[in-house]
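Okay, so here's the structure we're looking at.
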There are 2 protein chains.
Amino acid sequence: MNTLAEENYLKSIYHLSFDAETVSTNQIAALLNTKAASVSDMLKKLADKELVNYAKYQGASLTPAGKKIAVSIIRKHRLWEYFLVEKLNFKWDEVHDMAEEMEHISSTELIDRLDKFMGYPRRDPHGDPIPDSNGNFKNHKLAPVATVKVNASCVISGVSDHSPIFLQYLEKHKLTIGKTINVIDVIEYDNSMIIQTEDNKIHISRDVANNLLII
Amino acid sequence: MNTLAEENYLKSIYHLSFDAETVSTNQIAALLNTKAASVSDMLKKLADKELVNYAKYQGASLTPAGKKIAVSIIRKHRLWEYFLVEKLNFKWDEVHDMAEEMEHISSTELIDRLDKFMGYPRRDPHGDPIPDSNGNFKNHKLAPVATVKVNASCVISGVSDHSPIFLQYLEKHKLTIGKTINVIDVIEYDNSMIIQTEDNKIHISRDVANNLLII
DNA sequence: TAAAAAATTTAGACAAGTCTAAATTTTAAT
DNA sequence: ATTAAAATTTAGACTTGTCTAAATTTTTTA
């Protein structure tokens with residue numbers, strides 16, 4: 001199959017492809033915490049294997065074969081996260097690094113049985129959709145709270161920052177998946193927002209409003 | 001922590017140490033499907049890290065630190081095997097390779113919670129004992145069926161060959177963990193045995209009798 | 001649109017882990 | 001107690017994935 005490094009590159013390119021057709025060397029390097037030179041090398045290898053389309057200086061995109069591998073890794077990652085939270089009682093801010101390792105367990109039979117064991121969950125603990133065993137899933141982009149108008153209400157449905165520190169902040173203020181919130185006010189000066197949750201009234205910064213997603 | 005290769009070496013040395021104080025380069029090479037030269041290199045590295053005791057040409061043994069790592073990997077392997085069989089309904093001959101990958105997932109918190117989730121099982125699907133979270137477990141050697149006298153009866157408690165082909169053979173003849181068997185006869189010519197199980201009477205070869213363990 | 005800045009690639013080096021072939025040490029056999 | 005055989009180690013090479021520094025290409029800016 002593919003090496004761990006290759007899988008991580010494919011996954012990164014997939015995630016970065018959400019916003020653009022083609023992904024730059026520097027973007028990949030930043031996400032993988034590596035250097036642009038290393039990325040150039042790897043893109044050449046992945047292009048040889050026909051997993052990415054790559055033209056020097058022009059960025060990269062996934063081929064159908066590369067995309068299939070990326071989606072399968074994302075499926076594994078999200079199912080393991082669900083397992084860790086729902087079966088082993090970890091908190092949503094604790095599971096990312098573990099799932100990062102577990103997503104590379106190769107057996108697809110294993111992951112399909114895990115999926116069945118858990119009753120075919122459709123979203124992981126962070127609200128991200130879980131691809132089915134054929135790699136199909138609706139990946140429609142959610143809007144950030146920052147786009148909500150004053151007096152409008154909405155339901156928290158995802159996050160675009162998965163870091164423990166952000167998730168812990170949300171947890172602390174009960175801003176978790178499924179909660180309904182109402183925007184009370186937007187402070188023009190810094191674009192921070194006052195929101196009313198089911199539990200209390202909170203003042204959130206622009207950063208938070210940008211990384212908290214709603215339907 | 002340690003690399004995947006290092007962990008596999010430590011595990012191999014642990015398993016081979018069952019019969020002897022010190023383990024030879026060739027024994028390790030055979031078990032890991034690698035060459036003696038590679039083993040020499042790695043033993044040097046592991047000795048530098050004080051995980052094995054190693055003197056050139058004299059074989060290797062684990063230090064307490066090395067043994068601790070080896071036992072922790074074995075704990076992970078056996079708990080994942082139990083999970084795969086008991087929760088995901090795999091058969092006992094299907095789980096070895098998957099567990100071989102899963103044993104390298106690093107988090108000990110994860111494995112302790114998995115242990116709890118499954119109710120602290122004491123033996124894996126092949127009858128091997130599962131170390132507790134402190135690394136303690138009774139690892140007393142089981143006797144092969146080959147040592148049982150005619151007319152004596154005993155309970156199948158383990159296997160010393162974990163290969164799918166052997167496990168499938170046992171499954172087919174219902175020679176599984178917990179079954180009681182009675183030795184009817186031993187054929188002197190080839191040391192094969194006629195045994196009576198709860199289900200039927202079977203003629204097993206010396207090889208089978210050597211790899212099937214009883215209490 | 002030419003120079004400066006930013007992005008990217010190439011060249012060459014390195015570490016981990018493996019291999020083959022040759023050299024060395026240990027063990028077995030006479 | 002030598003010699004032959006077996007086991008083990010060393011030397012040198014190769015692969016994967018990484019890095020720094022230098023070279024090249026693209027983009028930006030004036």
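Just so it is clear: chains get the letters A, B, ... in the order the sequence lines come, proteins before strands, and each one is counted from 1.
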- Message: Base, sugar-phosphate or nothing for Lys44(A)? Non-hydrogen atoms, less than 4.0 Å.
- Response: sugar-phosphate
(request) Describe the nucleic acid contact of Ser38(B) in one word from base, sugar-phosphate, nothing, applying a heavy-atom distance below 4.0 Å. (result) base
Under 30°, 30 to 60°, or over 60°: which ring-plane class applies to Phe166(B) and Tyr169(B), parallel, tilted or perpendicular? parallel
Any side-chain N or O of [X] below 4.0 angstrom from OP1/OP2 of [N]?
X	N	value
Thr25(A)	dT9(C)	yes
Lys35(B)	dT20(C)	yes
Ser40(A)	dT10(C)	no
Asn26(A)	dT8(C)	yes
Lys56(A)	dT8(C)	no
Tyr57(B)	dA23(C)	no

Rounded to whole Å, please give me the gap between [atom1] in [X] and [atom2] in [N].
X	N	atom1	atom2	result
Leu46(B)	dT18(C)	CG	C1'	15 Å
Tyr54(B)	dA7(D)	OH	C1'	11 Å
Tyr9(A)	dT16(D)	OH	P	14 Å
Glu6(A)	dT16(D)	CD	C1'	9 Å
Met42(B)	dA15(C)	CE	P	16 Å
Gln27(B)	dA6(D)	CD	C1'	14 Å
Asp41(A)	dC19(D)	CG	P	10 Å
Leu32(B)	dG17(C)	CG	C1'	12 Å

- Query: With a 4.5 Å limit on heavy-atom distance, are the side chains of Leu51(B) and Leu62(B) in contact?
  - Reply: no
From the list Asp124(B), Asp115(B), Asp132(B), salt bridge (Lys or Arg N to Asp or Glu O under 4.0 Å) with Arg75(B) holds only for Asp115(B)
Closest to the side chain of Ala37(A), out of dA21(D), dG17(D), dT26(D), is dA21(D)
Considering only heavy side-chain atoms of Ser24(B), the closest of dT8(D), dA21(D), dT16(D) is dT8(D)
- [ ] Determine whether the side chains of Asn211(B) and Ser160(B) contain a donor N or O and an acceptor N or O closer than 3.5 Å.
- [x] yes
Walking DNA chain D from its 5' end, the first of Leu43(B) and Thr3(A) to be reached, judged by nearest nucleotide, is Leu43(B)
Is the number of heavy atoms from other residues, nucleotides or ligands under 6.0 Å of Glu109(A) CD greater than 12? yes
